[in-house]
4 protein chains.
Amino acid sequence: MKSSPDIKSRKPFPDRPRGRPRSVEARRAILKAAHELLAEGGLSSATIEGIAARAAVGKPTIYRTWPNAHAVAMAALMESDEAGESVAEKQPAPKPNERSSSALTALRTQLHEVARVFSAPLGRSVTLIIAAAEADTELSKAFRNHFILARRNEGRALLAGAMSNGEIRRDLDIDVALDLIYAPVFYRLLMGHAPLTSRFIDDVLNVALQGLAR
Amino acid sequence: MKSSPDIKSRKPFPDRPRGRPRSVEARRAILKAAHELLAEGGLSSATIEGIAARAAVGKPTIYRTWPNAHAVAMAALMESDEAGESVAEKQPAPKPNERSSSALTALRTQLHEVARVFSAPLGRSVTLIIAAAEADTELSKAFRNHFILARRNEGRALLAGAMSNGEIRRDLDIDVALDLIYAPVFYRLLMGHAPLTSRFIDDVLNVALQGLAR
Amino acid sequence: MKSSPDIKSRKPFPDRPRGRPRSVEARRAILKAAHELLAEGGLSSATIEGIAARAAVGKPTIYRTWPNAHAVAMAALMESDEAGESVAEKQPAPKPNERSSSALTALRTQLHEVARVFSAPLGRSVTLIIAAAEADTELSKAFRNHFILARRNEGRALLAGAMSNGEIRRDLDIDVALDLIYAPVFYRLLMGHAPLTSRFIDDVLNVALQGLAR
Amino acid sequence: MKSSPDIKSRKPFPDRPRGRPRSVEARRAILKAAHELLAEGGLSSATIEGIAARAAVGKPTIYRTWPNAHAVAMAALMESDEAGESVAEKQPAPKPNERSSSALTALRTQLHEVARVFSAPLGRSVTLIIAAAEADTELSKAFRNHFILARRNEGRALLAGAMSNGEIRRDLDIDVALDLIYAPVFYRLLMGHAPLTSRFIDDVLNVALQGLAR
DNA sequence: GGATAATCGAGACGGTACGTCGCGTCTTCAT
DNA sequence: ATGAAGACGCGACGTACCGTCTCGATTATCC
């Protein structure tokens, strides 16, 4: 009921903003447009002007929420990822604790999956955005967390499982181990000095597991 | 026939370019200006307009040689690297075959050096350019060769030395091993999910040598 | 001296392209190219660059003879006019002294002819060049003489004839009379406020004559 | 009330342009700058780049309103003419119907004025622009109307007055008569074959009148 | 219910940089 | 020593986006 203003005005946090609320439709249209442009023409096609035009939205509506086109692209990629039609959709569940040696198998599967996803056009955009993002913005960190750390954490769990069932050494620094495993994929992706084949991924894992020394 | 064509056809440079040759001074000024701008403001400061202004050169003179600002930046970085005031200057010679265990030591030294160089502002520009370079242009390949493969080849020699003196296994695929070692450096540099410390580099090498498994 | 110029200069026909008498050919090619470009795209298409390309001639070769594209255009129009395929080709001879009243008839005929010629694309270029020519260059004057004064002189002769046979007043200032007659044609051509019809020319002459006649 | 759409649909300007209206200040600054440049260096000095710089305005702001520098020059000359500091400022009112013979006197005065105005630098720019204007653009026509037809219409009124008070013949085609009178001024201005003196104008009128008068 | 306020779309604003064209001058090679 | 070829510094062109700023209109909450 409207007639009890004292209660409403005294409410501690909800603090509804005055004025007209931002349009969810507009937001959705913007992110959809950005996602499409990223998919069609890559990072450089996702301009504010182009997004606004395709979303039938004013430019200030975009700037009200995001500081620049980069940020919109990040938001679009993260949102679409959550929505399911994904850059890096969840694989059918790793199940690390099935039986002996299954942790490493799962890790191998996940690594192939990561390579597949980030080789795709949208995946390339993701890595480029992360690489080019200079400042340690909140959004930058969130974006990195979403696409890089999330997979690292899956890997971390798998490695922990592999530790506990004796598949790998117990004295490992897991962060170092994770970088050792994931880095070659992105290295080849970004530097492009050699193709990122399925065979290469297997080889990397094998060599990493056995070690170079003898 | 106006003259004896056999003589003409025997000239050593059959299609020497006609007309006024391109000015070496202009080229030098352009690359110098580009290099300075890269060092001062990073990749985004190296615009054609800015380079032309600083080099006291017309824009068409730049476009006559390079197709875009990216290419000029590549040329500038490569040229300056050769000139000595380098993004990645040669270390005082590795000498891999001195004595036992020295190959791996040299590799470790080189890896630290690579990390140092590519952490610097100009080094970051180099990796960003490589990552963002879309097509497999000739210039792109040359640039990658210059900055990535050159160091890989040094590493390749060191690894071969380590193989021959028994420091590492002889059944290794050296390309895989090289990626395993160099990738984590660039991975941290480009993804920025964790700092690229000296300690980390040592750890990576150690773990890689020993292997994850036990 | 490498050769005996007296021999070369004494040869009757300049046929052989042995030495270097290319200059005449080049000149012809330049003027031809300029004329074609003028005819195809008007004054603004006749650029030095375009002329040089079409004539397969170096730009300095053009600048050696003419100071700018305007001058080349003038030369091309004058030359072609002399050559016969003319902007303002000679009509089959006026013959002002045939019989009584024929002087004015001839004047009328010539005026129609002038209007026809200067209405054509190349004629428009001629008037535009004259109008836009700022300085009183020698070439400018020559050009004006060729295209404007030549016709004025024809008209002057006709008017003098008309004077002597009593068709017009004897106390006229012929220069004023000539301007009175020719001006309306160019006025309509250049200002374009009304069409330049055959009827209009007759009307102008009639009205003008009402005062000139006696 | 805002919510009654019938009232809204009855609004007098149904398709008022949306978005931010164009800045009148910017427009004024642009036209002022163009006018100054025209006065200082003639037609060729009025470049888009120069105008934008002097007006402290972005180039796209100019292109949003005018298609090229020519059009800006036209607008500037017309606007300034209306503003008073004029290329062809209004003389103190002709008053054609005062007394006998005054219509022709007024015409003579106006013709001198026209010659004076179009001999001045800005006046030359005006005629050059009209002569060079290729297409029958709306702006071209408006420009011609403003500078040529306006004066013709003054002259038309004067001639009509001269007709009605018997100074000139009543069976004249006024348009032909007007061209006969104004054309010599512009003819000499544009062709430059002879100087445009005050004496010449009087002579032209006298000779022309010998026929017009009755 | 009326005022207030933040939103919406649209699009113009001052700018920066783009990549191109033509200018008039120069430099080099082959005749 | 001339001629073609073409690079040079320069200046202007017209376009694409940037991020900001009005506009009128819309949609909420608050008084």
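Computed over heavy atoms, backbone and side chain alike; hydrogens, waters and symmetry mates excluded. Numbered from 1 within each chain, the chains take letters A, B, ... in sequence-line order.
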(Q) D/T65 vs D/R27, test: side-chain hydrogen bond (donor to acceptor under 3.5 Å, both in side chains). Steps then yes/no. (A) CA-CA 9 Å; D/T65 302; D/R27 181 193 174 86; 5.4 Å; no

Whole-Å distance, D/L37 CG to F/dG11 P, equals 16 Å

note: D/R27, atom CZ; E/dC13, atom P; distance rounded to Å ~ 11 Å

Tell me what D/A26 touches on the nucleic acid: a base, only sugar-phosphate, or nothing, going by heavy atoms under 4.0 Å.
-> sugar-phosphate

Side-chain N or O of D/T61 versus OP1/OP2 of E/dA12: is the shortest distance under 4.0 Å?
no

Margin query: So that I can tick it off, tell me whether D/E49 and D/R54 are bridged by a salt bridge, with the cut-off set at under 4.0 angstrom between side-chain N and carboxylate O.
Written below: no

A/I51 CD1 to F/dG19 P, in whole Å, measures 11 Å

**Asked** Taking only side-chain nitrogens and oxygens of D/R22, does any of them come within less than 4.0 Å of OP1 or OP2 of E/dA12?
**Response** yes

Of D/R20 and B/A55, the one whose closest nucleotide on DNA chain F sits nearer the 5' end is B/A55

Closest heavy-atom pair, B/H70 versus B/A132, reported as atoms and distance to 0.1 Å, is NE2-CB, 4.2 Å

Just the atom pairs and distances: protein N or O near nucleotides 18-22 of chain E's N or O, under 3.5 Å.
| unit_1 | atom_1 | unit_2 | atom_2 | d |
| --- | --- | --- | --- | --- |
| E/dC18 | OP1 | B/I48 | N | 3.0 |
| E/dC18 | OP2 | B/I48 | N | 3.0 |
| E/dC18 | OP2 | B/E49 | N | 2.7 |
| E/dG19 | OP2 | B/Y63 | OH | 2.5 |
| E/dG19 | O5' | B/Y63 | OH | 3.3 |
| E/dG19 | N7 | B/K59 | NZ | 3.1 |
| E/dG19 | O6 | B/K59 | NZ | 2.7 |

Any salt bridge linking A/E25 with A/R28? Criterion: basic side-chain nitrogen under 4.0 Å from a carboxylate oxygen. no

C/H70 atom NE2 is separated from E/dG24 atom P, nearest whole Å, by 11 Å

d(C/M74 CE, C/N68 CG) to nearest 0.5 Å is 7.5 Å

In whole angstroms, the gap separating C1' of F/dA12 from CZ of D/R54 amounts to 17 Å

**Asked** Which part of the nucleic acid does A/A56 contact within heavy-atom distance under 4.0 Å: base, sugar-phosphate only, or nothing?
**Response** sugar-phosphate

Separation of F/dT22 atom C1' from D/E25 atom CD, nearest Å, is 13 Å

Between CD1 of B/I30 and C1' of F/dG9 the distance, given in whole Å, is 11 Å

Within-4.5 Å side-chain heavy-atom neighbours: A/V72 and A/Y63:
no

Interatomic distance, CG@C/L31 vs CD1@C/I51, rounded to 0.5 Å, equals 8.5 Å

When rounded to whole Å, the CZ to C1' distance for the pair D/R18 and F/dA25 reads 9 Å

